[in-house]
2 protein chains.
Amino acid sequence: MPRESRGTVTLADVARAAGVSLATASFVLSGRGGSRSAGSAETKKKVRAAAAELGYVPNRHAQAMRTGRGGGVVLALGTLDDPWGVQLTAQVRDDALAHDLSTLVLADERWYEYLLGASADAALVTSVDFVADGPDRVRRLASSTHTGIIAFSAQMEPEGFDVVSSTPVRAIGRAYHRLRARHDRVQLLAPDLGRRVGGTLAHPRTRAFLEAAREHGDPGEQRVHIVPEGSHETYLAGLEWLRGPDLPEAVICFTGYQAVALQLAAERAGVRVPEELEIVSIGDVPAKSEFFGPISYYGVDDVFVRLARIIVDRAVDREDRPGSLHTFDWEFFPGTTTRDTDGAS
Amino acid sequence: MPRESRGTVTLADVARAAGVSLATASFVLSGRGGSRSAGSAETKKKVRAAAAELGYVPNRHAQAMRTGRGGGVVLALGTLDDPWGVQLTAQVRDDALAHDLSTLVLADERWYEYLLGASADAALVTSVDFVADGPDRVRRLASSTHTGIIAFSAQMEPEGFDVVSSTPVRAIGRAYHRLRARHDRVQLLAPDLGRRVGGTLAHPRTRAFLEAAREHGDPGEQRVHIVPEGSHETYLAGLEWLRGPDLPEAVICFTGYQAVALQLAAERAGVRVPEELEIVSIGDVPAKSEFFGPISYYGVDDVFVRLARIIVDRAVDREDRPGSLHTFDWEFFPGTTTRDTDGAS
DNA sequence: GTAAGCGGTTCATTCCACTGG
DNA sequence: TCCAGTGGAATGAACCGCTTA
């Protein structure tokens, strides 16, 4: 049973209880076995026993201050309100736990300030491309902290940090092409982003759509259907759309939840999918939120597993790796909302 | 422009640049203004300017180690996969930002180990009652760290930490009563919890339902309808239920997402709500996930605002307050899934 | 302004038992 | 038998950046 002395149990307490020096205790409990003097088997046992007995938990801050690491894995997701982040977090948590690292999600947007003073083991930054100064800040972080940075960006090159490049731009082109082969009018359902990132029309996804339309000689701007954000709003707007005069027949959805809402609206309006309306989502739709059959989508195979592995690898690896570029390719995953049956591009 | 010397900017750098001593710089940048020598206005300006110029960010770990605080606000939610936590986090983030505190969500279940070595400013622990040793660990945390603990528990008394007591038990009784007045059979829709927390039937919510049924002389066990977890699964099971021989007429839903799924299933099955089926949710349903009209529910008025205030208060207040008990009362919020029009219990 | 830590990590050093010439 | 040489085990002490007497 842990002695409840009167406060925190420190390494010094453990060392005293085990009858060894502070340095030795530290070596046993945290030093890499590969080091010179790993300690005798006997000593190790004693120290470990004492630590367990006292319920010793290392002070992360002391540890982090000395080594520049130890803060665990930090995920700067920007918003929690996104199933993508939720799924990623679950996977990272599982992987990290195997290495005794805790996983933290930063809930605000100040990743730069936070990470500068935090010494995490590894950190994922997703909003690099969407924030002024993003790339600069990532570089600065990588050069002045020991934190392993993983930048989600389509524009950066790795320099001492990893870069994950995963852009749906080409996928959108292919989606357009795919649907255009069967329909005269292919439309984009997009959320109203207000003034964020320059507005909906300036967003890379919309731009990719417009570009694809242009290649086919179609009037892209007229094919973009902007609705308010949120599931409920999208559902309502979708209902109106499907019952109105401008009935769509082939729709690319900007994001997963919109596809879910549109599918539901179609169900409700009595529009048969995919016979009368084909729907393709950009980005995968979490199984948990799909009420009806699976939605056809473009996405990255095994994103979460792959991304989590990259992150946790960075956290575990103490070496100064140069940093690598991971390019994620988007593929088509047919569901029940399109007439395709195979995954050919 | 920030000098990019070659590493981290420390307080010493700032002091040197400003031409003052380390102590002075520390006083100006972090010391409470109330202290003895706050420094002359002139000095303050110089130091602040130097800090800004260099892009100084205090090292949280050093700060935390010295003071026992500084880790920001930590929310030990266990999982992000719950809209309740997401909504709370958003509110806490807003409140905390006003005090320059960052908000972190701990994604794994090891809150005890994490907090023991972390010196957060404040931490919310939600799973106290559902984990062996929970209360003990909370006490130990409060006594051996400076972190302000807020324990979400219906069983504990505050002892140097705050306790938020918010149990739906009585609300479930009232819901039963409310529906029973109009129906012979009131049922509970619950997720299959497997062996967690002792199984669905052992969960406090289920127990409260059974108790309520017993009071009315109803066979409670027969009225519990257990379905697999997840929106989609619940939707499918709900469909089957509504089309089967055991058609329900009044259902209390264990949790919000189940109510959403059931409402959807009813819509799909052509069962009119609330005319043929009344639905009450235990716990509020996030507006964003409601496709149809608002669902009637029992919940706590302004939970998120109130809870966030409690948490951030604890984080900001450096005094050793004794800790207080906050009791949250559950009320009825009528929506369109019941025939009630007023909120009377 | 000076200086003493907070709790760990880690380099340089001492200590020791044992080898072989 | 004695002693320089050797390498593993354990320790001393500096130090990370900041707060505060």
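Each chain gets a letter, A, B and so on, in the order its sequence line appears, and its residues count up from 1.
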Query - Complementary nucleotide of D:dT1, counting Watson-Crick and G-U pairs under 3.5 Å - result: none
**Report entry** B:S127 side chain to B:F130 backbone, donor-acceptor under 3.5 Å
**Finding:** no
Proximal nucleotide (of [options]) relative to the [X] side chain:
X	options	answer
A:N59	C:dG7, D:dC18, C:dT10	C:dG7
B:T24	C:dG1, D:dT19, C:dT10	C:dG1
B:A62	D:dG17, C:dT9, D:dG12	D:dG17
B:T10	D:dG17, C:dC11, C:dG1	D:dG17

Query raised in the report: Hey, does the Lys NZ or Arg CZ of A:R139 hover above the aromatic six-ring of A:F161, less than 6.0 Å from the centre and inside 45° of the axis?
Result: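 The answer is no, since A:R139 fails at least one limit relative to A:F161.
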Tell me: [atom1] of [X] to [atom2] of [N], nearest whole Å?
X	N	atom1	atom2	result
A:L29	C:dT9	CG	P	8 Å
A:H146	C:dT9	NE2	P	15 Å
A:R16	D:dA10	CZ	P	19 Å
B:R69	D:dG17	CZ	P	24 Å
B:H61	C:dT9	NE2	P	13 Å
B:Y56	D:dT19	OH	C1'	11 Å
B:R60	C:dC6	CZ	C1'	18 Å
A:L11	C:dC6	CG	C1'	13 Å

Requested in this report: Examine A:W84 together with A:F152 and report whether their ring centres are nearer than 6.0 Å.
Outcome: yes
For [X] and [N], is the shortest distance between a side-chain N/O and OP1 or OP2 below 4.0 Å?
X	N	value
A:T43	D:dA10	yes
B:S30	D:dC18	no
A:Q63	C:dG7	no
B:S26	D:dC18	no

Requested in this report: Map B:M65 and B:L22 onto DNA chain C by nearest heavy atom, then report which one ends up closer to the 5' terminus.
Outcome: B:L22
**Report entry** Name of the residue among A:V163, A:V138, A:L124, A:V128 meeting side chain to side chain contact (heavy atoms under 4.5 Å, CB included) with A:I149
**Finding:** A:V138
Query - With B:L97 via side-chain contact (heavy atoms from CB on, under 4.5 Å) - residues at least two apart - result: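 With neighbours one apart ignored, the set is A:D108, A:R110, B:R93.
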